[in-house]
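See structure below.
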Amino acid sequence: MDNVQSALKVKWDDLLNNLQKKMPSHSYSSWILPLNFLDCNDYSIRISAPNRFHTEYIEMHFRDIIIAGIKDVFEKEMTLQIVTDQRNINPKLHSQSSDLVNISDKVSHNEKPDERENFQQTYYVEDRYSQLNGRYTFETFVEGPHNQFAKVASRAVSEAPGNTAFNPLLIYGGTGLGKTHLLQAIGHYARTQNPNRRVIYVSSEKFMIDFITAIRNNRLNEFGNLYRQADLLLVDDIQFLESREGTQEQFFHTFNDLYQRGKQIVITSDRTPKELKGVEERLISRFLSGLTVDIQPPDFESRIAILQKKATIDQLSIPPEVVEFVAQNITTNVRELEGAMTRIFAYSSLAHTDVTINLAKKVIKDMMGVRKTRHISIDIIQSAVSEFYKVTENELMGKGRKKEVAQARQVIMFLSREISGMSLKTIGLRLGRRDHTTVMHACNVIGRKIRENKSFAKEIEAIKHQIDLASS
Ligand code: ADP
Ligand code: MG
């Protein structure tokens, strides 16, 4: 090693030490340690991450802290470039087809024919596979800031089940936000990559019912064997296992057995693992040993994109103003968003009328029961936010840069965009004549903070709830 190289090596070690002090140790060891120093010159430094997901994760979550660390260690500002380790991009893709051959070879060599037959006769994994809904694929899944990590991680897992650091992968998020869709997309994709892969999709409720039936019929062994045959086990809605000790116990054994043999497990939940009451600690810590990703409610743009995608898939034509109207009024749940559109089309074809805003209003009003369709003005949003943060209207309109005021202002901008879909320009004008780029920046900042900071996300939910009350 020449002098320059060894000097750089020391700097890199300094940087690692610096980051280690500033981060929780599990984040440091999962995300920073796997990075490699590539090279640097006077102005910039290049490091590599082991895979695409890792690169994106670092970009989203740790870029700022790494830059600050570089500044500390090199005592100057430098640009940072994070690249994906080339050795891991191409060879993986290219070798995938040969991996597949190996896997299927293994399957046919390892299994005695009678075992295979018995297994198929008894439990029909193929049948379970066919429980996958053909519509729930990656192609039909709209990606947005609210679900990006969940999508990227799911994709990574489906490309190399069992061969990523994301085992188990746990996806959590509120109801109707696309967990089942993603879970099934993983199954579909893994199967298209290798039709011999044994994919089992099961809701935890079904797992429980099967388990109880197996006990009753004295077929516990077969029950266990079925799930242990999986190369990829997809368990939907794990929260149903709450307070079901017997089933949890069984699940724990299945989980361990698969995990130890390098099989992939993906789980969804409508709450965070820590919020799962009545689920054993040891099971929760197993869930947390892989990667946990969340799905948030879609933002306005994503709601529009989802509606457009659905219209394209169903070959329906829907005027843009109706798409916008639906996206403005249904904000928290993709299932309802789709439901509204289906109903609008049903009404229009039954009544032989065009798809118009008026029709959409009527349908949405019916869906929401007494709740009125919303034409929420920026004033309602503003007063809810100023009430919540105890900031006066004058302060909001003014130029003051006090932290609480600045954040309250940004929240108003974000919510105006999110709830009422107003243009950046209008929002800027209404809020003390600010530029549209300021509004855009605010929307990005707040969007990111919601994704990264759970207690902040709860604040925003609380404000939204107030707005709901004020406008109904
Ligand atoms: P969950 O399991 O989280 O309750 P689902 O996966 O059943 O939600 O999603 C509800 C509906 O919304 C499904 O029809 C699904 O296809 C659709 N959906 C959810 N998210 C998306 C998305 N990002 N892109 C396209 N469709 C979506
Ligand atoms: Mg679901």
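Numbering of ligands and ligand atoms starts at 1, following listing order. Quantities reported herein were computed from a predicted structural model and do not represent experimental measurements.
We find that Glu461 and Lys458 are not joined by a salt bridge, their nearest charged nitrogen and carboxylate oxygen being 4.0 Å or further apart. Using a 4.0 Å cut-off between a side-chain N of Lys or Arg and a carboxylate O of Asp or Glu, Glu249 and Arg244 do not qualify as a salt bridge. The residues Lys263 and Asp231 are annotated as salt-bridged, a charged nitrogen and a carboxylate oxygen being separated by less than 4.0 angstrom. A salt bridge links Glu418 and Arg303; the closest N-O separation between the charged side-chain nitrogens and carboxylate oxygens is under 4.0 Å.
For atom 6 (O) of ligand 1, the nearest protein heavy atom (residue, atom name, distance) is His181 N, 2.8 Å. The nearest protein atom to atom 2 (O) of ligand 1, hydrogens excluded, is given as Thr180 OG1, 2.8 Å; this is a heavy-atom distance. Nearest protein neighbour of atom 18 (N) of ligand 1, counting heavy atoms only, is Val334 CG1, 3.2 Å. Scanning all protein heavy atoms for the shortest distance to atom 24 (N) of ligand 1 gives Val142 N, 2.8 Å. The single protein non-hydrogen atom nearest to atom 7 (O) of ligand 1 is Arg335 NH2, 2.9 Å, given as residue, atom name and distance.
Within the structure, ligand 1 lacks Pro298 among the residues with a heavy atom less than 4.0 angstrom away.
Side chains of Asp299 and Ser302: a donor on one and an acceptor on the other come within 3.5 Å.
Taking the ring centroids of Tyr227 and Phe211, they lie at or beyond the 6.0 Å cut-off.
A side chain to side chain donor-acceptor pair (under 3.5 Å) check over residues 343-353, counting only residues at least two apart or in different chains, returns the pairs Tyr347-Asp366.
Within the sub-2.8 Å shell of the Mg ion (ligand 2), the protein contributes these N/O/S atoms: Thr180 OG1.
Heavy atoms of Thr140 found under 4.0 angstrom from ligand 1 belong exclusively to the backbone. In Glu338, the part holding a heavy atom less than 4.0 Å from any atom of ligand 1 is the side chain.
Considering backbone and side-chain atoms alike, Glu143 places every N or O at 3.5 Å or more from each N or O of ligand 1. On a distance-only criterion, His146 and ligand 1 share no N/O pair closer than 3.5 Å. For ligand 1, the polar-atom distance check finds no N/O of Phe141 at less than 3.5 Å from any of the ligand's N/O atoms.
Between the side chain of Asp236 and the backbone N or O of Leu183 there is no donor-acceptor pair closer than 3.5 Å. Ser204 contributes a side-chain N or O that, together with a main-chain N or O of Asp237, makes up a donor-acceptor pair within less than 3.5 Å. Judged by distance alone, with hydrogens and angles left aside, the side-chain atoms of Gln248 form a donor-acceptor pair with the main-chain N or O of Leu241 at under 3.5 Å.
Relative ring orientation between Trp31 and Phe62 is described as tilted, the plane-to-plane angle lying within the 30° to 60° band. Between Phe141 and His181, the ring planes lie perpendicular to each other; the angle is over 60°, past the 30° to 60° tilted range.
Proximity to Gly174 (heavy-atom distance under 4.0 Å) selects the following atoms of ligand 1: 3 (O). Those atoms of ligand 1 with a heavy atom of Asn147 less than 4.0 angstrom away are 23 (N).
Looking at every heavy atom in both residues, Leu276 comes nearest to Ser269 through CD2-OG, 3.9 Å.
In the candidate list Gly178, Gly144, Ala185, Gly178 is nearest to atom 9 (O) of ligand 1, counting heavy atoms. Closest to atom 1 (P) of ligand 1 by heavy atom, among Ser269, Gly176, Ser203, Ala305, is Gly176.
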